[in-house]
Amino acid sequence: MPTEGRLKEDGPAPAGRFTRVAMRERDPRVRARDFDEVPCGYTDDEARREAGRCLNCRNAACVRGCPVEVKIPEFIGQIARGEFAAAARTIKETNALPAICGRVCPQEDQCEKTCVLGKKGQPVAIGDLERFAADWERRNGTPEVPAVKPPRGKKVAIVGSGPAGLTVAAELIKEGFDTVILEALHEAGGVLVYGIPEFRLPKEIVRREIEGLEAMGVRLVTNFVVGRTQTIDGLFEKDNCAAVFIGSGAGLPSFMGIPGENAIGVYSANEYLTRSNLMRAYRDDASTPIIRGRRVVTVGGGNVAMDAARTALRLGAAESTILYRRSEAEMPARKAEVRHAKEEGIRFELLCAPTEILEDSDGFVMGIRCQRMELGEPDASGRRRPVPIKGSEFTAGCDVVIIAIGNQPNPLIAATTPDIQTSKWGTIVVKPEDGRTSKKRVYAGGDIVTGAATVILAMGAGKIAARSIVEDLVGEG
Amino acid sequence: MNDILKKETLAPGVIRLRVAAPRIADRRQPGQFIILRAAGDGERIPLTIADGSAAEGWIDIIFQVVGAGTRLLAELREGDALQDLVGPLGKPARIERFGRCLCIGGGVGVAPIFPIVRALKEAGNEVTTIIGARTADRLILVKELEALSDDFHVATEDGSLGRRGFASDAFLDLAAAGRKFDYAVVIGPAMMMKVVSAMTLERGIPTCVSLNPIMIDGTGLCGGCRLEINGETKFGCVDGPEFDAAGIDWDSFLRRLNSYRAFERRTQGHEQCRLKDV
């Protein structure tokens, strides 16, 4: 029995103060051929050991690194003591979607970045522990339904059921508002269901988190496109809403504008992932088709590009390649996602940009023409600008090309609500400190405000906007 | 919600469903469409709204049974409900006081032409309508369109009703007779729209068509419905479905409609093996 560590009396000792208890992951050769989740999650014992590494700093830097200010040392202490249900409750006080955040938040840039242990070794695996607590609660009996205040008789419409909208809904229902989420697709969850693949975020988890909100009284209306089925003004005038939150996301895919981009077999990452995830094209009995390429090229270096390239492998591609115009250091994807992709055999063609997609006489993709790049001076984003190398063009054969170079905000709401101020990029302008738009009683947050960003930033923005909604609507009596 | 109030067979394999959809009925305008899922994990099918009543809270959709998805839809009965129904989607059709309007509908494309004919008429235009189909029993909305139009022509390929030939032949008759038009709308199979709009444009008539590219969400998310219009990429769902025929890259559009040919053949082969009846 080891004796070091502060948990020697009430639990197993940590593996080492500066070394993480690594989360087990499935064999890359096996997982690259199915859609089951990659990491296995902690066992009770592993979680307690990892939790035991936390120093329980009085001035917890990790909490300040979290956009929704989860009480991190408190829930980790509870895990260390084996109080798993209590840990889940603690997280839920500030975070409505812990099982999701534990999986898809970039903790390495947030809470874990500021962890004191990170100065000398590996920071506490806060994300993995959050995931553990949420999963434990889901597996062990019914999650507790948080208390809600008595109804105030005021209706708030939330546009979009992605991370921002779900967060706002959780906050407002607790405050006693009649909370209605309006979702354009036939299934709720936004990017969590159409974009992020099953092997990174099982849809069952999203469904359960949304059911949790419904159990609190949130009403969910699918197949409702705000701007078409009803306008923002109509929501106030005809549907008696007292406030509207817009969390419609950045759903409009960008294309490169190169020749051949409309060939058959060229997909936006949105379309490719939506076909596979939301429309279940990955299943044999699916009614939605998807072109299962043998050689698939994905253009882009973000998390979405990793998701698409790894999905292609799982759909049976013999070869799945990422094409990125800068070097690995500039890749916006999380390090863990890049590592997972490499382990599974995704090829990386770095410092390389497509110039043309080649099609056969029937219009199907047959290859891609590329150009090697080198890094020049830093550009506006601070990253070194890729510059084409003359005479470096080459052609590679492929039958599917996935464009994952980003998304723009969906213009529909702005176009049908002229009195909402937007930026030249089409994002909705809000005051960052309160989420209020230029239109009275209309709030916004998430990718529709920031452009494509992360789940947790959208949730942070949702919390801020919810606070303003409560302030404005309670204030007016 | 989305209850089927009435179901009628208009022609062999062509069905009209009247669906309870008060919100869509209240907001819809000519040229707009809906997306529906018949049942279960079915595909999302985009269909133009053929008619509707805001007061009574229903819309009509007309579809042809062509694949697995529409076959599932055709199996639903009055009293059943659609699994999902979303809309109205897309931009409304251009409705202005143009003067002399020509509306040409081919096959099941006669259904989306119907609300446009009525709206153009209500906007004070003189409307000439031509509809065409392979045979007389495949023509739909004949009486309705005849009643609405100032001038009405029919073409069937076998000559079983109206002029023998295509809708385009009926148009050429009018053109030869010296008839002039200020605006034309052509809706039908992709190849028919390509050919007929070339004829109307050639004669200097500004022409719009309604395109039906393959799409999933209908809100701009997937980009699968992208089209090349005047060298620019546009999305059929949010920039259309109606486009000026003059700028359309028809070959790209026609090719992209065939994206899933192999898949469709497979699912059809599964479900309707003709050998069984032999």
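Values below: all heavy atoms of this structure, side chains included; hydrogens, waters and symmetry mates excluded. Here is the naming used below: chain letters follow the sequence lines, and residue numbers restart at 1 for every chain.
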Using 4.0 Å as the upper bound for N to carboxylate O, is an ion pair formed by B:Asp60 and B:Lys6?
no
Heavy-atom distance under 4.5 Å to chain A: side chain of B:Gln32, backbone, both or neither?
side chain
Using heavy atoms and a sub-4.5 Å threshold, report which of residues 260-270 of chain A line up against chain B, by residue number.
A:Glu261, A:Asn262, A:Ala263, A:Ile264, A:Val266, A:Tyr267, A:Ser268, A:Asn270
Most contacts with chain A, counted as non-hydrogen pairs under 4.5 angstrom, among B:Leu89, B:Asp251, B:Ile35, B:Asp249:
B:Leu89
Most contacts with chain B, counted as non-hydrogen pairs under 4.5 angstrom, among A:Gly257, A:Pro253, A:Gly234
A:Pro253
Under 4.5 Å from a heavy atom of chain B, the part of A:Leu185 involved
both
Quick one: do A:Arg294 and A:Asp399 make a salt bridge, cutoff under 4.0 Å?
no
Answer with side chain, backbone, both or neither: which region of B:Thr219 has an atom nearer than 4.5 Å to a non-hydrogen atom of chain A?
both
Salt bridge or not for B:Arg226 and B:Asp239, using N-O below 4.0 Å?
no
Kindly indicate, with the supporting measurements, whether the criterion salt bridge (charged side-chain N to carboxylate O under 4.0 Å, His left out) is fulfilled by B:Arg118 and B:Asp51.
CA-CA 10 Å; B:Arg118 185 161 56 198; B:Asp51 201 359; 2.6 Å; yes
Got a salt bridge between B:Arg255 and A:Glu359, using NZ or NE/NH1/NH2 to carboxylate O under 4.0 Å?
yes
B:Glu75/B:Arg71 ion pair, N-O < 4.0 Å
no
Using 4.0 Å as the upper bound for N to carboxylate O, is an ion pair formed by B:Asp41 and A:Arg283?
yes
One option among A:Leu412, A:Asn407, A:Leu278, A:Asp239 has the most heavy-atom pairs under 4.5 Å with chain B, and it is A:Asp239
Hey, which residues of residues 77-85 of chain B are touching chain A, say heavy atoms under 4.5 Å apart?
B:Asp84, B:Leu85
NZ/NE/NH1/NH2 to OD/OE distance under 4.0 Å, A:Asp178 and A:Arg219
yes
Choice from A:Gln230, A:Met279, A:Arg275 maximising heavy atom contacts with chain B below 4.5 Å:
A:Arg275
Smallest separation among heavy atoms of B:Cys225 and B:Met215, with atom names
CB-CB, 3.9 Å
Rounded at 0.5 Å granularity, tell me how far CZ in A:Arg295 sits from SG in A:Cys398.
7.5 Å
Test side-chain contact (heavy atoms from CB on, under 4.5 Å), reference A:Asp307, set A:Leu201, A:Thr298, A:Leu273, output is A:Leu273
Can you say whether A:Phe224 sits under 4.5 Å from chain B via the side chain, the backbone, both, or neither, judging by heavy atoms?
both
side-chain contact (heavy atoms from CB on, under 4.5 Å) between B:Ile34 and B:Ile24, intermediate numbers included
CA-CA 9 Å; B:Ile34 54 94; B:Ile24 300 174; 4.0 Å; yes
B:Arg44 versus chain A, heavy atoms under 4.5 Å apart: side chain, backbone, both or neither?
both
Checking the side chain of A:Thr355 only, and the main-chain atoms of A:Arg369 only, is there a donor and an acceptor separated by less than 3.5 Å?
yes
Heavy-atom distances under 4.5 Å only: say whether A:Ile403 touches chain B with side chain, backbone, both or neither.
neither
Assess whether a salt bridge exists between A:Glu187 and A:Arg280, defined as any Lys/Arg side-chain N lying under 4.0 Å from an Asp/Glu carboxylate O.
yes
